[in-house]
Amino acid sequence: MNPSPFLQVKGLTRRYGGVAALDGVTLDLARGQVTGLIGPNGAGKTTLLNALTGLARPESGTVLLEGENVTGLPAHVMAGKGVVRSFQIVRELASLTVFETLLAAPPAQSGETVAGALFGRRKWWAQERANADLARALLERVGLVKLADQPSAMLSGGQKKLLEMARALLMKPRLILLDEPGAGVSPPLRLEIVRLVRELKAEGLSFGIVEHDMHLVEEVCDHVHVLAQGRALVSGTFAEATADPRVVSAYLGVAA
Amino acid sequence: AEIPVGMVLPFSGATGPYGPDMKKAAEMVVRWVNDAGGILGGRPLKLFIEDSETNPTVGVTGTKKLLEVNKVELVGGFWGSPIALAAKPIILAADKVQMVSCSANAVTEGDTKGMVFRFQAKSTSWGPAGAKVMKTIGAKTAVVLAQQNPFVVAMIEPFKAEFAKLGGKVLDVVMYNPDQPSYRSEVEKAFGGDPDAVFCLSLLTDFVSIAKEVYRGGFKSKIVALSIGADAEGKFLQAVGPEVANGIYHLQPAPPLDAPSYKRFVKEMGAAPGTVFLFAGNAHDQMCVTALAMEHAKSSDAKVWAKSVFEVCNPPGEEVDDVVKGLELIRAGKKIKFVGAGATCDLDARGDQINRSFLVQEIKGGKNVSLGIIT
Amino acid sequence: MNSRPCDPKAEELSLALAVSGLRAGYGRGGDIVCGIDLAQKAESIVAVIGPNGSGKSSFIKTIAGLVPTRAGTVAVSGRDITTLSPARRVASGLAYVPQEANIFATLTIAENLKLATEFLRGRAGVGPEQREKVLDLFPELRLRPRTLAGNLSGGQRQMLAFACALLANPEVLLLDEPSAGLSPKIVGETMEAVVRVREAGVTVLLVEQNVAAALGIADEVVVLVAGRLTLRASAADIRQADLAGLFFGKAA
Amino acid sequence: MISYLVTVIILVAIAALVGLALNLQWGLAGLVNFGVAGFVALGAYTLAISAPHVGWLAGLALAAAVCAGLSMLLSLLTIRLEENYLAIVTIGFAEIVRILLLNLGDLTGGALGIADIPRPFAGITPAGWGDAVILAFALGLVVIVFAFSEALVRSPFGRALRAVRDDATAAAALGKPVLALRVRAFAIGGAIMGLAGALHAFFLTYIDPSQFTPIITAYAFMAVIAGGRGSNLGLVLGAGSIMLILEATRFLKDVIPGVDGVQLSALRLGMIGVGIVLLLILRPEGLVSEPKRRFADFFPPESEKA
Amino acid sequence: MALQLFLNGLVTGLLLALPALALTLVFGILRFANFAVGAFLTLGAYAAYTANVLLGLPLPIAAAVAAATVALASLIADALVFERLRTRGSITLLVASMGVSLVVENICRFIFGNAARSFDLAVARPIRWNGLRINHEQLITAGVVVIALVLLHLLITASPLGRAMRAVADNASLAAVRGVERRTIARITFAITGALIGLAGVLAGLDRAIDPLMGWNYQIPIFAAAILGGLGSPIGAVAGALLIGVAEEMSALILPVSFRQIVSFGVILLLLLFRANGLFGAKAIRK
Ligand SMILES: Nc1ncnc2c1ncn2[C@@H]1O[C@H](COP(=O)(O)OP(=O)(O)OP(=O)(O)O)[C@@H](O)[C@H]1O
Ligand SMILES: Nc1ncnc2c1ncn2[C@@H]1O[C@H](COP(=O)(O)OP(=O)(O)OP(=O)(O)O)[C@@H](O)[C@H]1O
Ligand SMILES: CC(C)C[C@H](N)C(=O)O
Ligand SMILES: [Mg+2]
Ligand SMILES: [Mg+2]
């Protein structure tokens, strides 16, 4: 029934001092699907993304990407394999403009080596043109065209968030991990995010999305894992997962 | 028209303490000459001075400025060998005269076009003098404690050779880098083995630290130092006080202490009678010789008067120690032999001063007591 | 836009927060806040909503004194605070929780909490009782007092920041997206906390992108687009409205 | 006067080379290097020691190569360090270089230094034109290095370096090989500093350890900051301004009456300090700002209407 | 010999400790490495010299004068220079502090010239104990450093002022809405560190000659000590200073002394390879 897993996480553990941020997480992210990762604050969702993208080194456990062991590979290598992410607490490239941030995102730019930069100007300039078109299209979708030449540091909180997502999308990813893409983003743009995710999924991209906005999760996620205290607690469809009484009491609360 | 002359002197950096007196002495000579009506038929000297900051690169730009902007015929001064060495090619390329007060042998080596003159004893003659002092004070074993700098390095081997000849034994050579906050381990290393004496080759600031440290350490070895550290025209005693300074021996190339001209020089410098000037005397001599040589050559063109330097410094000739008198004699067509406030100013063909003797003093009860002259 | 009561004096006294003609911007750039008037009655909750980059945070920062005011005035409970430094504004009863960087990451949780009150000399109602009350709202904060706040998860940070602001026993509380990054349960609890805070006599001005949550507790809503207030209405009225329409300029 | 200006311009050229290198390392890649003086010294000594044996051109290449290699090594060792830590480690590197130069006398001439360093084209230079040749050589070197740096700054490579500078973690997550980028920037900068050192040796024809004091490093940073971090053009202007302050104070002091030599010197050095501080305060963005790729470079008319 | 060297190392280290403390404090709170510590140290020594030798005041009073003078000078430098550049990044401030350092050093040179000077205090012979030598100055130095360290440590870790300082360091605008004015904290920091450096100048003047370059000679070891200990950590600064002092002096056992500075940087490099934030430095936090 499930398509073959794109990414498999087995028994991943990472401790910070006394806290086990990840405590043997085991879960799959399916190919070509949108997988939601939800759970209470401090459940270890961000840490999980960090471990999957080379920013936190797991103490034990394995990560398999299409069967290949990629546990603990450095960040840029993971990005090179098509696993990209956005950050919950935005990490903008402060002095790069919005537009430059996006131009910097695409992988394998021939102008990023010394020799390529000096002697292959024609080649990289052509790439740059093509990337500029892509960047512009995305800027229009997230409503940042007018701010294209603004240094990223001078964006509002929500705008930074959108920029960060756009830059991840430009990296030609195969699996894209979004950490709370909806937080701080206005409702209309949140709908835009939903549309974008659906479109890209149709193009064959796989997603892992950490999000606290249940509407957004419900709208886009094919499958949901609920994390709590560093473990995968429940998984299933959105409806299944959110019906679980443990999830309701620990995460959703009576109000939701 | 005025005849421009220049000097590159240290007013800051590690050798900063030595510049001011040199400047004073040079200005004094210029004043005497100009008050007496100048040279070459009434032309006054005009002195320009640049700070070397104890840094050769700065010395070079300063020299360039003197040569090109002020059009000087002489670039004198030059306390430190590295600065003189860096400036030498530039001065020679401009066909001007360089006079130095530094001791590294290399300064007058190579092709100098006969335009480089040293008003200082060479490093290689300081070393043996030190060994003789050791002998005088009865030291059989010695350690050399030396700052890592060009003129000091050149003193060590000649010292060792001479000391061995005199039957002494050098136990160790402790080199240290300049500009350190303290010299505790150096002192420990040099004095810890209780040699009879330690030959301290230091400048003023580091020697102040070293002397205090030795005193505080309660070490027994005698100290033989260079006067540039242990006297520095009285600055050392002023800095450490009589207690710490007591019993330190030091040596330096001797000025003609008993000559009336030297006494007059000390007086004009505003110093206490008996003060031993080393570099100020040299600067005085540089300026005097320049004026005399120009007058002798009847030209302010460096290429011309450089040759006259030997004529006015070396015998034969009537001995004069007063620049104004010397000028008069030259105008009167007499042959002179200048004797300066720093030295007799006899030069060999290289432009090095010869026959320099060394004055040895001991600090006793807050005073320098002369122990004699070593030749 | 807002209905004016007949007696201006009485109104002023009952106003907890009065902003008029407020203009502000960054550096030498143009105005980001372009002449905002807002009068808020004591013990009310007003939610500010609007598109990203419309100037909500800038507006609230200007009130808090962190962005220099170019024109206009701000008064808290009838006292003009326009010329006061941010620190003095807090002492005058105005507390603020920023959107980003709202805790001291290199201080421990306990130190963050201590610092929240220790430099508010003379502020009434600040003390151990208030502290207990606030910590009861966020029991998690008691668990690891010596943990560096920078190591907290995103949601945990929000709680800490909120708690610190409440410790100052403010009359007016400015919240910039307090629910961002919180789990639904905690969002619910936070919103409840806001309501409770209001019941304790605090006036709340709240910026939210989580419109649903904000509408659940706000009395009134103002919409801010491109630095101007384009709409002020009761929360109930907005609930039915088309948000996209509101945000992209179709002002009522 | 002309020849004095030539000297000053050659010194500006050397400072500009050092500045261009630092601009690449620190301006662009965010790698603080407070060991500039050490690399310049290494370049100068490598040239001075090798040139008599292998000729000036090979000596020049060797100077660049040695400095690049050591830069690479140093950056590999220290790449994890935060900027202030990197600063002291690089200062330490320069100190180690200085102490080794001073104490390894057999190779370096110790405190006495190395004299009679051969100049390029010395054989075919007419008498009196030595400095002019060095000037042409220096300017040529600056033009080449400038063009090279500009090409890098404006390329995706330069942008990737800036991304790493702004936030290394985010850059890594963007797939940029942070370590490799940093090492390259550091090595290229090191090579350029080596060239600057070689030029210094050519110019003075005599080098000794006391020429390579930390003040070289300080002036390089001042040039970069005053000129506008990240901008090569600004940097050349910055290097010029610093030199202007240094040399102009020489003339100022000639006209100040009533103080003695040490006081004059103190005044002049103090004025340099004041000049630097004023430059920093009065030119907050530097003389020229970092070049940026604009939206309009790709979409000129539409974007303006949009 | 080894024990004596060790002791000498401690003394050298203690002398570095005060200015390293000051450096680390300014860095910890105002986020820049203040290159003017050396020049201010010189200023402190000359201020004490003026009070002690020229005005004939006893040394403890002269030390107080030095502390006050340097504190005041730091405040002036802050008002004229550092405050105006505060938004401009730590390296710009560092470079500005080099400019300040040049000015301060040359004010001293202008007034006092280049000659070496000493306080009006007889140098004493050592106290001997089991073949080891210790002097009075060294005991004084040790006492002053220990007291300063303890006070500073308490101030920073346990007092409200210390918390406020760290809060400003972390996030100045958030500190402002917590009632802490950055400006006030900056002034207090400069005053405290100025006083520390002034005292350090007096201790250094006791140890060696007073001359315009004395501070410059301490500069690099001071930085090394602060970095080794971990910038921003007072205990670290003292530990770093002691370690540098001892490592350099002890190296005399195996290396010619002229290579000893290499030892301290070797130690630093080695340490930083394993601990990127020095001995006691906090890890930079950013998520
Ligand atoms: N670098 C760190 N040092 C110490 N503790 C950490 C660190 N990173 C995370 N933690 C702890 O690990 C736990 C998991 O944190 P994580 O950020 O992964 O949570 P999360 O699920 O993303 O929560 P949220 O939804 O609030 O963002 C938390 O208790 C957090 O305090
Ligand atoms: N520090 C700054 N310097 C210059 N411009 C800024 C700065 N901060 C924000 N801006 C600009 O001001 C405008 C308003 O920003 P603000 O943060 O107030 O928006 P916001 O309404 O809070 O948005 P969001 O909902 O995304 O948080 C934006 O266009 C932004 O680019
Ligand atoms: C002792 C002095 C005569 C040394 C001299 N000033 C030099 O540097 O060469
Ligand atoms: Mg998270
Ligand atoms: Mg906002």
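In what follows, chains carry the letters A, B, and so on, assigned in the order in which the sequence lines appear, proteins first and then strands, with residues in each chain numbered from 1.
- Heavy atoms of D:Thr169 lying under 4.5 Å from chain E are absent altogether.
- Among all heavy-atom pairs drawn from E:Leu80 and D:Ile281, the shortest one is O-CD1, 3.6 Å.
- Only the side chain of E:Leu269 comes within contact range of chain D, judged by heavy atoms closer than 4.5 Å.
- When heavy atoms are compared at a cutoff of 4.5 Å, E:Leu273 approaches chain D by way of both its backbone and its side chain.
- Interface residue D:Leu104: only side-chain heavy atoms are found under 4.5 Å from chain E.
- Rounded to the nearest 0.5 angstrom, D:Met271 CE and E:Leu102 CG are separated by 11.0 Å.
- Of all non-hydrogen atoms in E:Thr92 and D:Leu280, the two that sit nearest each other are O-CD1, 3.9 Å.
- Contact annotation for E:Phe32: neither backbone nor side-chain heavy atoms come within less than 4.5 Å of a heavy atom of chain D.
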Under the side chain to side chain contact (heavy atoms under 4.5 Å, CB included) criterion, do E:Leu272 and D:Thr78 qualify, and how do the steps go?
-> CA-CA 8 Å; E:Leu272 292 182; D:Thr78 58; over 6 Å; no
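- Closest non-hydrogen pair, D:Ala266 versus E:Phe110, comes out as CB-N, 3.7 Å.
- Of all the heavy atoms in D:Ile88 and E:Ile227, the pair that sits closest is CG2-CG2, 3.0 Å.
- Separating the CZ atom in D:Phe34 from the CG atom in E:Leu94 is a distance of 4.5 Å, to the nearest 0.5 Å.
- The CZ atom of E:Arg109 lies 11.5 Å from the CG atom of D:Leu267; values are rounded to the nearest 0.5 Å.
- The CG atom of E:Leu255 sits 10.5 Å away from the CG atom of D:Asn103 when rounded to the nearest 0.5 Å.
- The choice from D:Leu102, D:Val262, D:Val274 that makes the most heavy-atom pairs within less than 4.5 Å of chain E is D:Val262.
- E:Arg88 CZ to D:Ile225 CD1: the interatomic distance, rounded to the nearest 0.5 Å, is 8.0 Å.
- Note: E:Asn114 leads E:Thr87, E:Leu228, E:Ile107, E:Asn114 in heavy-atom pairs under 4.5 Å with chain D.
- The choice from E:Ile111, E:Val95, E:Val103 that makes the most heavy-atom pairs within less than 4.5 Å of chain D is E:Val95.
- Among D:Leu278, D:Leu81, D:Val277, D:Leu269, the residue making the largest number of heavy-atom pairs under 4.5 Å with chain E is D:Leu269.
- Annotation: the span from D:Ile276 atom CD1 to E:Ser97 atom OG amounts to 11.0 Å, rounded to 0.5 Å.
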